[in-house]
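The structure appears right after this line, and notes come after that.
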Amino acid sequence: MAASSVASVGFRLNHAVRAAHLMFPVSFSSLPMFKNEGFGKNRRFLSTALVMASKESPENNPGLHASVDEATKGYFLQQTMLRVKDPKVSLDFYSRIMGMSLLKRLDFEEMKFSLYFLGYEDLSSAPTDPIERTAWTFGQKAVLELTHNWGTETDPNFKAYHNGNSEPRGFGHIGITVDDVHKACERFESLGVEFVKKPADGKIKDIAFIKDPDGYWIEIFDTRNIAKTTASAAV
């Protein structure tokens, strides 16, 4: 086994043992099963058992399958779709404020709607041929699809789409990783973005929720702070 793999396994075992100490605050070496020359063997057995019984294991998640069906190994999460009232307003928000690029637009004239696919991909790798660009777009991960039904932007009787966060609740939010949640939110505030929650608000600190032009919630976090904030829930 490579040194990096050994280190990785050791890191996971260390966290598993720490979690066990939290649940059972006793010295493993004081237990009969760990005394004398059998301690090393039994310790390895316990460590393996603890890793197998982690929060993400099937044992702790009824219905979860440990093995992946070979038929699904090419699958990945490609898009989340949001319906928008006015694409001009939404495209301005997601490109100027959120920094996304338009990967592809599809117009369905007979059915009178358009799809806008946005993401953080490098457009220099996008094909120039429109058909090939569609295939390229659908091969990217974590793409945001905005659906515009023509005419909603000028319809005085159009009511806002349900954002899922009022009754009956369903859809919750999308999430965006940023370099620094506090600096990002300072910028959002200077740009007039509406906040649901700022990083210092509520019981869970260092994460934020903002709204897009249609009222959909966007969670804002960085990897360093989210790990620290959720540490007690992770073990």
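Values below: all heavy atoms of this structure, side chains included; hydrogens, waters and symmetry mates excluded. Position 1 is the first residue of the sequence; numbering continues from there.
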Rounded to the nearest 0.5 Å, how far apart are [atom1] of [X] and [atom2] of [Y]?
{"X": "Phe188", "Y": "Lys211", "atom1": "CZ", "atom2": "NZ", "answer": "16.0 Å"}
{"X": "Ser54", "Y": "Asn60", "atom1": "OG", "atom2": "CG", "answer": "7.0 Å"}
{"X": "Ile218", "Y": "Ile97", "atom1": "CD1", "atom2": "CD1", "answer": "9.0 Å"}
{"X": "Ile174", "Y": "Thr80", "atom1": "CD1", "atom2": "OG1", "answer": "7.5 Å"}
{"X": "Leu82", "Y": "Asn163", "atom1": "CG", "atom2": "CG", "answer": "10.0 Å"}
{"X": "Glu219", "Y": "Phe209", "atom1": "CD", "atom2": "CZ", "answer": "4.0 Å"}

When you measure from the side chain of [X] to the backbone of [Y], do you find a donor-acceptor pair of N or O atoms at a distance under 3.5 Å?
{"X": "Glu153", "Y": "Gly151", "answer": "yes"}
{"X": "Asn61", "Y": "Lys55", "answer": "yes"}
{"X": "Asp122", "Y": "Ser125", "answer": "no"}
{"X": "Thr147", "Y": "Arg83", "answer": "no"}
{"X": "Lys104", "Y": "Pro130", "answer": "yes"}
{"X": "Asp201", "Y": "Lys198", "answer": "yes"}
{"X": "Asn165", "Y": "Gly172", "answer": "yes"}
{"X": "Arg224", "Y": "Asp180", "answer": "no"}
{"X": "Glu132", "Y": "Thr128", "answer": "no"}
{"X": "Thr229", "Y": "Ile226", "answer": "no"}

Using ring centroids (six-membered ring only for Trp), state whether Tyr216 and His173 fall under 6.0 Å.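 No.
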Any chance you could lay out the side chain to side chain contact (heavy atoms under 4.5 Å, CB included) test for Lys183 and Val178, step after step, and finish with the verdict? CA-CA 9 Å; Lys183 290 182 179 179; Val178 297; over 6 Å; no
Is there side-chain contact between [X] and [Y], with heavy atoms separated by less than 4.5 Å?
{"X": "Phe195", "Y": "Cys185", "result": "yes"}
{"X": "Pro168", "Y": "His162", "result": "yes"}
{"X": "Tyr161", "Y": "Thr152", "result": "yes"}
{"X": "Arg105", "Y": "Leu115", "result": "no"}

Is [Y] reachable from [X] through a run of I, L, V, M, F, W or Y residues, each pair having side-chain heavy atoms under 4.5 Å apart?
{"X": "Leu146", "Y": "Leu103", "result": "no"}
{"X": "Val68", "Y": "Tyr75", "result": "no"}
{"X": "Met98", "Y": "Val196", "result": "no"}
{"X": "Tyr94", "Y": "Phe171", "result": "yes"}
{"X": "Leu191", "Y": "Ile210", "result": "yes"}

Evaluate whether atom [atom1] of [X] has more than 12 neighbouring non-hydrogen atoms of other residues, nucleotides or ligands under 6.0 angstrom away.
{"X": "Lys205", "atom1": "NZ", "answer": "yes"}
{"X": "Arg133", "atom1": "CZ", "answer": "yes"}
{"X": "Ile204", "atom1": "CD1", "answer": "no"}

Residues which pass side chain to side chain donor-acceptor pair (under 3.5 Å) with Ser90, listed by chain and number, not counting sequence neighbours: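 Ser90 satisfies side chain to side chain donor-acceptor pair (under 3.5 Å) with Asp214 only.
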Does the pair His182 and Ile220 meet the rule for a side chain to side chain contact (heavy atoms under 4.5 Å, CB included), with working shown? CA-CA 9 Å; His182 298 281; Ile220 306 296; over 6 Å; no
Per the ring pair (Phe, Tyr, Trp, His ring centres under 6.0 Å) rule, what does the pair list look like for residues 111-131, sequence neighbours excluded?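 Non-adjacent pairs meeting ring pair (Phe, Tyr, Trp, His ring centres under 6.0 Å): Phe108-Phe113, Phe117-Phe138.
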Heavy-atom pair with the smallest gap, counting every atom of Asp129 and Ile131: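 Looks like OD2-N, 3.0 Å.
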I need the minimum non-hydrogen distance between Phe76 and Gly139, along with the two atoms involved.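 Residues Phe76 and Gly139, closest heavy atoms: CZ-O, 3.6 Å.
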Show your reasoning for whether salt bridge (Lys or Arg N to Asp or Glu O under 4.0 Å) applies to Arg169 and Glu167. CA-CA 5 Å; Arg169 296 189 179 193; Glu167 298 300 335; 3.7 Å; yes
Indicate whether the side chain of Asp86 and that of His148 have a donor and an acceptor atom separated by less than 3.5 Å.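 Side chains of Asp86 and His148: no pair found under 3.5 Å.
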Test side chain to side chain contact (heavy atoms under 4.5 Å, CB included) on Asp222 and Ile207; report intermediate values, then the result. CA-CA 8 Å; Asp222 63 55; Ile207 65 170; over 6 Å; no
Go through the steps for Glu145 and Val143 under the test side chain to side chain contact (heavy atoms under 4.5 Å, CB included), then give the verdict. CA-CA 6 Å; Glu145 175 189 0; Val143 171; 5.5 Å; no
